[in-house]
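Report on one structure; see the data block that follows.
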Amino acid sequence: MNSGTDEYDVVVLGAGPVGENLADRARAAGLSTAIVESELVGGECSYWACVPSKALLRPVIARAEARRTPGARQGADAPLDVAAVFAHRDAFVSNWKDDGQVGWLDSAGIDLVRGQGRIVEPRRVAVTQPDGQERSLVARHAVAICTGSSAALPPLPGLAEVRPWTSREATSSSTVPRRLAVVGGGVVAAEMATAWSALGSEVTMLIRGAGLLERMEAFAGELVAESLAEAGVKIRTGTSATAVRRDGAQGPVTLTLDGGETVEADEVLFATGRAPRTDDLGLETVGLTPGGWLDVDDTCRVRNVPGGWLYAAGDVNHRALLTHQGKYQARIAGAAIGARAQGVPLLETDRWGAHAATADHGAVPQVVFTDPEVGAVGLTAEQAEAEGRSIRVVDYDMGQVSGAALYADGYRGRARMVVDLDRGHLVGVTFVGPGVGELLHSATVAVAGEVPIERLWHAVPSFPTVSEVWLRLLEAYRG
Ligand SMILES: Cc1cc2nc3c(=O)[nH]c(=O)nc-3n(C[C@H](O)[C@H](O)[C@H](O)COP(=O)(O)OP(=O)(O)OC[C@H]3O[C@@H](n4cnc5c(N)ncnc54)[C@H](O)[C@@H]3O)c2cc1C
Ligand SMILES: NC(=O)c1ccc[n+]([C@@H]2O[C@H](COP(=O)([O-])OP(=O)(O)OC[C@H]3O[C@@H](n4cnc5c(N)ncnc54)[C@H](O)[C@@H]3O)[C@@H](O)[C@H]2O)c1
């Protein structure tokens, strides 16, 4: 650690999942690589986002599934063992220690430099190390910014004094608030309302839009909202908080809504989107504006930087704020950096080429780990129409699939495929229902592979699995 020269082929800023993968690919291309990390190696995803949230949610979903399974219901109506759920979460985040991930960097031959990194001139990064010492790193070929995002808070009067929960507290708290207000209707809000309601909080969601999960097909948010309401979550749509205050240091929080009404809670979670971590990166020294998302081409190279030495992958480029998609960008960017360093004259940057993050444009998969789960890839019907495509939308009630009926009593869910009629393949698929997260990759293969719909007839789903929904969708399409 911290050994080696100050000069590397590649310097990566941020050791989240994306920075780690990019560094790994650069090493695999034979390039010497340093990675700079100001907090924990593993990033937001490992300690305050994907991993702890899914560790909190898994027992919630397992209990819900047992409740829907005759013969397994016994005991499933009991409250969750909250201490065991938190212990499970704490184990998955290694108690917020990063030794395991540091060991992996070592084994991959990547040098870790701890501290806050800033670009000070083209290809040069200064790192303020935890002991206050400055270390200067020069990158012969590329600097890659993988500094991710942090919770974005609205400019509400009194918000800072209230000490609201953000995604960090919502994923790391070991105290269950009696009443939790959740502001926002996106993925963090939906998942955390699911988790904390099951852990024992009385949850009230305050959503300024018309419903949950507004970037997905409307039925996804509707089915999740229906289930949350059945679990006792109060959902208020079309409402915004205009002020917020806390009584004393430990007292309750009062949110004033735009209609003048108030909502009282013991904690309030603001799940109101993300902001790029680019405000203190020295971007101004290379002609870029601090604080904004970084605009990249399909090789993940930042546009308008003379010399083409600067890359940005993951949340920070705002193409898709998802770990798996950021890691995909890291693989593409790592390959492009490697090829350019070797002087390969022509990169494969055409659609679906080895050096083009093509999937970002129309084949991004996402699973929302609510009950029911949502799995979606590609375009919604509305997005496909907005792109001017000629489409046909096919819907199917997933409860009608025998495999689904066997999977859970009273299985509720819906599937949709969006067919591009001119191109003859699927451009979007959405599943909502218990267990659909594991079904999604089949749809991702169909969309990213642009599999002709006629060929999908020959991809036979096993009986009796939930996957037979594919057959039902195709039958409905053929008529
Ligand atoms: C509650 C929640 C749940 C989520 N669940 C999922 C999920 O289930 N699946 C999914 O795919 N996505 C999920 N996401 C999104 C996912 O967390 C992000 O897409 C992912 O973390 C992005 O990875 P990244 O490496 O780009 O950034 P990060 O994970 O944010 O890592 C960036 C790293 O850079 C470091 N850094 C920042 N600035 C500097 C600097 N100047 N110098 C040195 N280091 C620096 C940070 O300390 C951090 O370690 C979730 C997000 C939230 C908030
Ligand atoms: N399972 C997963 O894949 C998963 C889970 C969690 C988060 N994520 C990723 O993390 C990112 C962040 O999630 P998120 O839920 O914070 O963001 P989001 O953009 O999905 O949702 C933000 C919500 O906050 C609302 N909002 C924004 N500003 C507001 C304001 N001033 N007042 C009231 N409401 C406001 C929006 O209308 C929206 O409902 C997402 O892009 C998502 O991809 C993924």
Side-chain angles (χ1 to χ4, degrees), residues 12-22 35-54 56-57 98 101 113-119 125-128 145-156 159 166-172 182-192 195 205-216 221 237 239-242 258 269-282 312-318 320-327 329-330 364-370 373-376 437:
V12 179
L13 290 178
V18 178
E20 288 180 316
N21 273 264
L22 200 148
I35 194 163
V36 184
E37 174 54 53
S38 57
E39 294 185 77
L40 293 175
V41 175
E44 205 72 13
C45 174
S46 301
Y47 304 101
W48 298 285
C50 330
V51 173
S53 61
K54 269 76 253 182
L56 290 175
L57 282 160
D98 63 3
Q101 307 230 26
V113 182
R114 288 206 186 263
Q116 173 82 15
R118 281 179 206 86
I119 295 166
V125 167
V127 184
T128 311
I145 300 179
C146 304
T147 51
S149 65
S150 55
L153 291 172
L156 263 188
L159 189 55
T166 66
S167 47
R168 283 208 169 189
E169 289 75 19
T171 52
S172 62
V182 177
V183 180
V187 196
V188 173
E191 288 186 348
M192 291 298 95
M205 299 186 78
L206 302 170
I207 302 173
R208 69 176 177 185
L212 283 169
L213 306 176
E214 284 196 307
R215 280 196 292 269
M216 300 184 130
T237 54
T239 189
S240 285
T242 53
D258 43 10
L269 162 62
F270 276 82
T272 44
R274 311 290 298 171
R277 290 181 69 170
T278 57
D279 47 342
D280 189 19
L281 277 185
D315 276 15
V316 80
N317 68 25
H318 210 226
L321 282 76
L322 294 163
T323 290
H324 46 269
Q325 210 64 22
K327 284 161 54 177
Q329 292 165 14
V364 175
Q366 177 166 26
V367 173
V368 185
F369 295 79
T370 41
E373 287 177 350
V374 179

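Whatever order the structure lists them in is the order used to number ligands and atoms, beginning at 1. We use all heavy atoms of the structure for the numbers below, so side chains are in, but hydrogens, waters and symmetry mates are not. Here, residue 1 is the first one in the sequence, and each next residue gets the next number.
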Starting from atom 21 (O) of ligand 2, what is the nearest protein heavy atom, named by residue and atom, and what distance separates them? Gly186 CA, 3.4 Å
Can you tell which part of Leu322 has a heavy atom less than 4.0 Å from ligand 1: side chain, backbone, both or neither? both
Note the single closest protein heavy atom to atom 10 (O) of ligand 2, along with its residue, its atom name and the distance in Å. Leu321 O, 4.0 Å
Nearest to atom 18 (P) of ligand 2, what protein heavy atom do you find, and at what distance? Arg215 NH2, 3.5 Å
Where's the contact between Glu214 and ligand 2, heavy-atom distance under 4.0 Å: side chain, backbone, both or neither? neither
How far is atom 16 (O) of ligand 2 from its nearest protein heavy atom, and which residue and atom name does that atom have? Gly273 N, 3.1 Å
How does Val367 reach ligand 2, if at all, at less than 4.0 Å between non-hydrogen atoms: by side chain, backbone, both, or neither? backbone
Looking at atom 44 (C) of ligand 2, what's its closest protein heavy atom, distance included? Gln366 NE2, 3.4 Å
To the nearest 0.1 Å, how far is atom 27 (C) of ligand 2 from its closest protein heavy atom, and which atom is that? Arg208 NH2, 3.3 Å
Salt-bridge present (Lys327, Glu20; N to O < 4.0 Å): no
Gln325 contact mode with ligand 2 (heavy-atom cut-off under 4.0 Å): neither
Ala271 to ligand 2, any heavy atom closer than 4.0 Å: yes
The closest protein heavy-atom partner of atom 13 (O) of ligand 2 is Val188 CG2, 3.3 Å
